[in-house]
Amino acid sequence: MSTLPVTVLDIDKNSICVNHRELCARLGVDKSFDISQYDVFFKEALDKCQPKCAYTCVPIHLLEEHVCDFGFMNVKSLDLYKNLSQCDKAFIFAVTLGINAERHLVALSKISKSRHYICDAFYSAFIEGVCDKAQSIISEGFACKNRFSPGYGDLSLEIQHDILHALDASKLLGITLTGSLLMTPQKSITAIMGIKAK
Amino acid sequence: MENKLLELIKTKRLFLDGGTGTVLQSLGLADTTAPEMWNIQNPDAVIQLHKAYFEAGSNIVSTNTFGVNCEKYQNYSELIKSAVDNAKKARELCKRPNTFIALDIGPTGHLLKPLGDLDFERAVEIFSSTIKEGVKTGVDLILIETMNDSLETKAAVIAAKECCDLPIFVTNVYDSVGKLMTGADAKAMIAMLEGLRVSAIGLNCSLGPDKMLPVIEEFAKYSSLPIIAKPNAGLPTVKDGKTVFDTNEEEFSDSCAVLAKSGACILGGCCGTTPQYIKKLVEKVTHIPYAFPEYKSHTLISSYTHAVQIGQKPLLIGERINPTGKKKLKEALRENDMSYILSEAIKQVEKGVHILDVNVGLPEIDEEVMMQRAVYEIQAVTDTVLQLDSSNPAVLEKAMRIYNGKPLINSVNGKEESMRAIFPLIQKYGGTLIALTLDEDGIPQTAQKRADVAKKIIDTARMYGIDKKDIIADPLALTVSSDSSSALVTLQAIKLIRKMGIYTSLGVSNISFGLPLREKINSAFFTMALQSGLNLAIMNPFSTGMTDAYFAFLALYGYDKVCSDYIGYAQSFDTTDVSSNSLSQTSADAYDLSSLIINGLREKAKSEAQRLINCDENPLDIINSKIIPALNKIGSDFEAGRAFLPQLLMSAEAASASFEVIKEKLVKKQSESDKAVILATVKGDIHDIGKNIVKVLLESYGYKVYDLGRDVDSTLILETAKKTGCRLVGLSALMTTTVPAMQETIHLLKSQLPQCKIMVGGAVLTQEYAKKINADFYAKDGMDGVKIAEKFYREDC
């Protein structure tokens, strides 16, 4: 259980804008392609989503040798270090589409590979939209850097464990990690968002 | 001798403790230190914590072991021992009577298979190691708490039952709509946990006491066990960088008093609560009259989301996952082809069955392994309750152990041997039993004697602590073709058994064995059986005669208010192609099979293929002149960028569906079975999209695909290659971290089966990389995979 103060937000799924270009890219179709023919699948997928976010805010210290100290973890990463320059605090957050979306994906993978593919693409685009929405809610009133996720640049996936632990994400969001550091539900994102020092 | 705690709870409300983290933080625990570390680093503070709760009025305090397990801590044993010792010291200092120490067990932090990657038995091992240590040091009960997944809860309970005889208390985390994170509602959890025979059940964390009320009311309605409520101090909010809860001691204890009046027998607090909260709670609640919950006679079975109550309107059990007399299912089982079984499951659910029978017994397969796999996989695609069906108790045990919920079990009978084997399984894992009314003397000829066998089974079950509500009698339908009175005997037996207050089940279609046009007899008998009081029918939901009888009966017998189920059923005959709702047809010859395939219209393509077959068109001609050209067209359009991957996949599925229809008419050639590919996403990787694309495309070209799924052990791939004789293996990996597993798999296959060829694909792979890890072929995309297979088998011939 985390001892950091964590806030949980239910994100209104109807407020999410799915980026058309992103969705086309995930589907592997040209952006002029008529994706509305898959609306029935998108709607079915959307029905299963319960987007949620959990976040906390921690002071950060940039140490020598590109080590960022978040209090609950020390992370060595040049790219993150650069991203967090001029920052003295950071939001740590995680978003997820929830376990029902995961179940839907797993079920589709076993019964229709094409619907699975289309639904997976939709969820991938949708979770980005959820992340954007969460970011805009959390960062309101703060001057923030772009979010930075484990796996970007040289930022190791190994820190997923510390981030999810700090956010108590297993209990609050139902996000767990597999042995190979993948999140379940798969359609989940964790990120660090630096707050610029005043 | 009855356990002291369990004796006490019969007459007295008990109090648990409150939050741990909140109090330890106030004693100086830093944000960065895990509370359990203080068991060793600062035992005085932990003793102070427990002592404060005992002094506040808690009868039970939980050890500071929520986050301790053997996966997280090498020194878990020392941490647990210190934790229990600290609680004991606190108890000695207080010297209050009727105080107990609960070994606190929290979740592992991992999600179990099939959604996550933690194996059920590994979860049992993890919990067992904790529980053994706690029991050794001398706790009074096991408290499994803050569980948000039903299957993990079950693993913890089984571990506790296997390690000790202490009382087991279980509390789960419910959200504001009364469900666990993984979907179970209160009724489903009550069914499963009562089945597992724990001592007390309830909820903790997440909600404040006022928000817990609807869930507590649901517990009070269905639970015969003492109910636990351990709410948070309201909702957490963050103020000035600190977590604060919005309910003070006064409000908390007032709301807890309402919970107590609504049926909560054991109360305490969770996050945000302190000894002051518990003190107030005890003050406010102690005077409220206490009553142990009344016995509830509902017969409940459950899945991981919901419970099904037997004894209200009659329910249907789909019989199609049972190999008896089903050639295709037998073939699928022999070939380990789960997709056929899963599609049978889904189709039956779509037909409206409430329960799915699962029987995978065939002499030439390992039924234990297959049954476990079938249960896992079926539960991954549907939340329908399962009836686990086997004549082998060892198979039933394997399935009951990992089943997520409380299953229906088919079956026990009146033979001593059967009851001795099956009843202990119900005691250990929970379940409702179908009891066949036969015994050592065979099947009784008269209705009364069958009812007598049912009574014998119920009486014997009682000695094992199994209540009659968990026994459903099957008075056995025997064919009227050999004995014209057999239907009447069965119907009479249903009535007699129902008069005894016992529910009934029947394999309805046995009545017509040996007769022509069986559906006509079956459906008439079904109506008669329903009229006689039948509660459960094992039947074929694809038989229109049977479903007609069922929905008409419900409407006529007052089970279907305003005939809404019947109208819904009637409307289901107005079938449309699901995919055609959304996918436009662009050409005038849209009904030509090739066009239907190119447009990805699966159901229409399948119907058209069936029509062509019915018109006696040559199956090979259909394949060569319609299916293959359509696939080649969409394939070349895809490669030229004129068509895209979703279209390619939908076309491939339409082609596969057509191919399935046509295949039945094809004379099987020897070479056909050789055209096969084993596919797997390697160990550690759960991305299976790429592998799935290759599978669909290969199947559309008529390949037999052995799809081993994702996160697959190299040894399973090797065994499958050995068993099937298939010499082409396709491996997929999406992450750099899992490519070593791919390399290891290739190494194993090459060393054990040098004749095997391996193609690899996935986002992180390149031609060079594939070569480096010793793969034979690299497929840049799905179509490339097909080309490789085509070339491999061409050169092979």
Side-chain angles (χ1 to χ4, degrees), chain A residues 1-8 24 27-30 33-41 56-59 71-73 98-100 102-103 106-118 120-121 157 161 164-166 170-182 184-186, chain B residues 21 25 29-33 35 66-67 106-107 109-111 114-117 146 148 173 181-183 205-206 236-238 241-243 338-339 342-343 346 377 380-382 578 581-584 600 641 644-646 649-650 652-653 684-689 692-693 695-696 711 735 737-738:
Chain A
M1 201 182 301
S2 171
T3 45
L4 289 171
V6 178
T7 304
V8 179
C24 288
L27 282 166
V29 302
D30 193 281
F33 182 82
D34 175 21
I35 58 170
S36 69
Q37 60 188 306
Y38 302 136
D39 278 352
V40 64
F41 302 132
T56 188
C57 181
V58 291
F72 67 92
M73 65 174 179
I99 200 79
N100 288 339
E102 178 73 12
R103 280 196 198 285
V106 170
L108 285 181
S109 77
K110 292 175 190 293
I111 57 180
S112 169
K113 309 300 182 195
S114 62
R115 280 169 63 199
H116 178 229
Y117 177 82
I118 292 166
D120 187 272
L157 277 180
H161 182 265
L164 293 174
H165 181 73
S170 167
K171 191 173 95 185
L172 299 175
L173 302 180
I175 303 177
T176 55
L177 267 190
T178 69
S180 44
L181 301 172
L182 298 172
T184 315
Q186 293 173 61
Chain B
Q25 272 179 320
L29 178 77
D31 284 351
T32 47
T33 307
F66 178 82
H110 295 283
L111 191 59
L115 288 182
D117 68 340
T146 323
N148 56 18
V173 184
M181 187 77 78
T182 50
C205 208
S206 184
T237 47
V238 177
K242 297 265 178 224
T243 303
M338 257 319 136
S339 57
L342 297 179
S343 75
I346 297 283
E377 300 246 2
V381 300
T382 174
V578 175
N581 289 337
S582 56
L583 301 175
S584 57
F644 301 102
L645 196 48
L649 285 172
M650 295 190 89
E653 285 190 345
D685 208 323
I686 56 164
H687 297 94
D688 54 1
I689 288 220
N692 289 346
I693 292 169
K695 180 189 179 188
V696 172
D711 191 15
M735 299 172 48
T737 48
T738 51

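In what follows, every heavy atom counts, from backbone to side chain, and hydrogens, waters and symmetry copies are set aside. Naming: A, B, ... by sequence-line order, numbering from 1 per chain.
- A/S114 is listed as a side-chain neighbour of B/E653, based on a closest heavy-atom distance under 4.5 Å.
- Under the salt bridge (charged side-chain N to carboxylate O under 4.0 Å, His left out) criterion, A/E102 pairs with no residue at all, not counting sequence neighbours.
- Counting heavy atoms from C-beta on, the side chains of A/I111 and B/S343 never come closer than 4.5 Å.
- For chain B, the nearby part of A/L172 is the backbone; its heavy atoms alone come within less than 4.5 Å.
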Worked check of side-chain contact (heavy atoms from CB on, under 4.5 Å) between A/L27 and B/F644: CA-CA 8 Å; A/L27 282 166; B/F644 301 102; over 6 Å; no
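- For the pair B/N148 (side chain) and A/G174 (backbone), a donor-acceptor distance under 3.5 Å is absent.
- Chain B forms more heavy-atom pairs under 4.5 Å with one residue of A/L157, A/V58, A/L173 than with any other, namely A/L173.
- Note: B/L649 CG to A/S112 OG = 8.5 Å, rounded to the nearest 0.5 Å.
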Evaluation steps, side-chain contact (heavy atoms from CB on, under 4.5 Å), between B/M650 and A/Y38: CA-CA 11 Å; B/M650 295 190 89; A/Y38 302 136; 3.8 Å; yes
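- There is no contact between A/N100 and chain B, counting heavy-atom distances below 4.5 Å.
- Between A/G179 and B/D117, the shortest heavy-atom contact is N-OD2, 2.6 Å.
- The nearest pair of heavy atoms linking A/K171 to B/M181 is O-CE, 3.0 Å.
- Per-residue counts of heavy-atom pairs under 4.5 Å with chain B were compared for A/I99, A/V29, A/L181; the largest is that of A/V29.
- Considering OH of A/Y117 and CD1 of B/I693, their distance stands at 5.5 Å, rounded to 0.5 Å.
- Annotation: the span from A/I175 atom CD1 to B/L111 atom CG amounts to 11.5 Å, rounded to 0.5 Å.
- Contact check on B/E377 versus A/K110 returns a salt bridge, with a Lys/Arg side-chain nitrogen under 4.0 Å from an Asp/Glu carboxylate oxygen.
- Between the side chain of B/H110 and the backbone N or O of A/T178, no donor-acceptor pair lies under 3.5 Å.
- Comparing A/C57, A/P185, A/S180, A/A121 by heavy-atom pairs within less than 4.5 Å of chain B, the highest count is held by A/S180.
- Proximity to chain A is absent for every atom of B/P236, based on heavy atoms less than 4.5 angstrom apart.
- Here OG1 of A/T184 is found 8.0 Å from CG of B/L115. Values are rounded to the nearest 0.5 Å.
- Summarising the geometry of A/T176 relative to B/G109, their closest heavy-atom pair is CG2-O, 3.2 Å, with the distance given to 0.1 Å.
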